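Below: one structure, written as structure tokens.
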Amino acid sequence: MHVLILGGTTEARRLAELLAAEPLPSLRVTNSLAGRVAAPRTPPGEVRVGGFGGADGLAAWLRGHGVDLLIDATHPFAGTISFNAARAAAATRVPLLALRRPGWLPVEGDSWHEAGSLTEAAGLLPALGRRVFLTTGRTGLAAFAPLDDLWFLVRSVDAPEAPHPPRMEVLLDRGPFTLDGERELLRRHRIDVVVTKDSGGAATAPKLTAAREAGVPVVVVRRPPAPGGVSVVAEPRQAVQRVREAYARCAHPDAG
């Protein structure tokens, strides 16, 4: 049985680790990484890097490599690949499972301001603060480039490229982050507003707690739409159970 994981996330890597430990002798796992990070953390199993060429290219890859189960474990904001995966799965009749981490929810004491896009988030900032902690990654900084009277601390795995805000300090780092570390970062840089995407998960959530404790407002960019009609699980172990079930069907196609 051949499983293709569209990955690049913490959950995708954890799923690959769990599957590598499964006692399923004929299980083959291929991990697909988009290649947007210069030095990705490589998961166990086979690894391919780069795009497929849209839904048609992915469908051709599924057919050509005998994929029995497609798992979309991409980032919640990598919307294009999720729709391509849904179209390719439908075209090839390969079962599709989405491993999608739940979004964050505000709790008492939070001061959240929702935005539908990075551009909308940028428009909210002048009324909220002057020293911005921008945690939306290295892409999309053009939306904040016109804000030349604000100062930005930009945290990303790889260095951002222009266009970007003129008054900017770059912090190259990769989660998971600790609460103590996020508290110190807000204090040291005198941050008075945070911008984040609703990525969900625990790896980058401490910044939300640190902001709440400090009384710092947070601009939260909502997730883009996801394809409907796709089976979804929230945890890697739930995905492993689905793989076991698919493996059993492949091993005994006439059962049940």
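Just so we're clear, the structure is a prediction, and the values are computed from it rather than from any experiment.
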### Message
If hydrophobic residues (ILVMFWY) are linked whenever their side-chain heavy atoms come closer than 4.5 Å, directly or via other members, who joins Val107 in its cluster?
### Response
none

### Task
Measure up the Phe77 and His75 rings against each other and bin them: parallel (under 30°), tilted (30 to 60°), perpendicular (over 60°).
tilted

### Task
Can you measure from CG (Leu179) to CG (Leu208) and round to the nearest 0.5 angstrom?
10.5 Å

### Message
Counting C-beta onward and ignoring hydrogens, is there a side-chain heavy-atom pair between Leu128 and Val219 closer than 4.5 Å?
### Response
yes

### Query
For the hydrophobic clusters of this structure (ILVMFWY residues joined by side-chain heavy atoms under 4.5 Å, transitively), does one cluster hold both Val193 and Leu153?
no

#### Entry: Nearest-0.5 Å distance, CG of residue Leu62 to CG of residue Asp68
10.0 Å

#### Entry: Flag side-chain contact, heavy atom, 4.5 Å: Asp198 against Pro76
no

### Task
Indicate yes or no: does Arg87 engage Asp56 in a salt bridge with an N to O separation below 4.0 Å.
no

### Message
Please tell me whether Leu125 and Val194 are part of a single hydrophobic cluster in this structure, the criterion being side-chain heavy atoms less than 4.5 Å apart.
### Response
no

### Query
Side-chain contact, heavy-atom cut-off 4.5 Å: Leu4 with Leu58?
yes

### Query
Would a hydrophobic clustering, with Ile, Leu, Val, Met, Phe, Trp and Tyr connected at side-chain separations under 4.5 Å, put Leu18 with Val47?
no

### Query
For the hydrophobic clusters of this structure (ILVMFWY residues joined by side-chain heavy atoms under 4.5 Å, transitively), does one cluster hold both Val216 and Leu124?
no

### Message
Taking the basic N atoms (NZ, or NE/NH1/NH2) and the acidic carboxylate oxygens, is any pair closer than 4.0 Å for Glu182 and Arg155?
### Response
yes

#### Entry: Minimum-distance pair of heavy atoms, taken over all atoms of Arg48 and Ser32
NH1-OG, 3.1 Å

### Query
Measuring from Leu70:CG to Leu6:CG, what's the distance to the nearest 0.5 Å?
5.0 Å

### Query
When clusters are formed by joining ILVMFWY residues with side-chain heavy atoms under 4.5 Å apart, either directly or through shared neighbours, do Val240 and Leu24 land in the same one?
yes

## Note on the structure
Quick note, ring-ring contact (aromatic ring centres under 6.0 Å, His included) partners involving residues 95-150, not counting sequence neighbours, are Phe144-Phe152

### Spatial distance of atom CG (Leu147) from atom CZ (Arg167) [nearest 0.5 Å]
11.0 Å

### Query
Between Ala121 and Val221, what is the shortest heavy-atom contact and its length?
CB-CG2, 4.0 Å

## Note on the structure
Sequence neighbours excluded, the answer for side-chain hydrogen bond (donor to acceptor under 3.5 Å, both in side chains) partners of Asp110 is Arg212

### Euclidean distance, Met168 CE relative to Leu141 CG, rounded to 0.5 Å
6.5 Å

### Query
How are the rings of His189 and Trp151 set relative to one another: parallel (under 30°), tilted (30 to 60°) or perpendicular (over 60°)?
parallel

### Query
Are Glu11 and Arg14 ion-paired here, with the side-chain N under 4.0 Å from a carboxylate O?
no

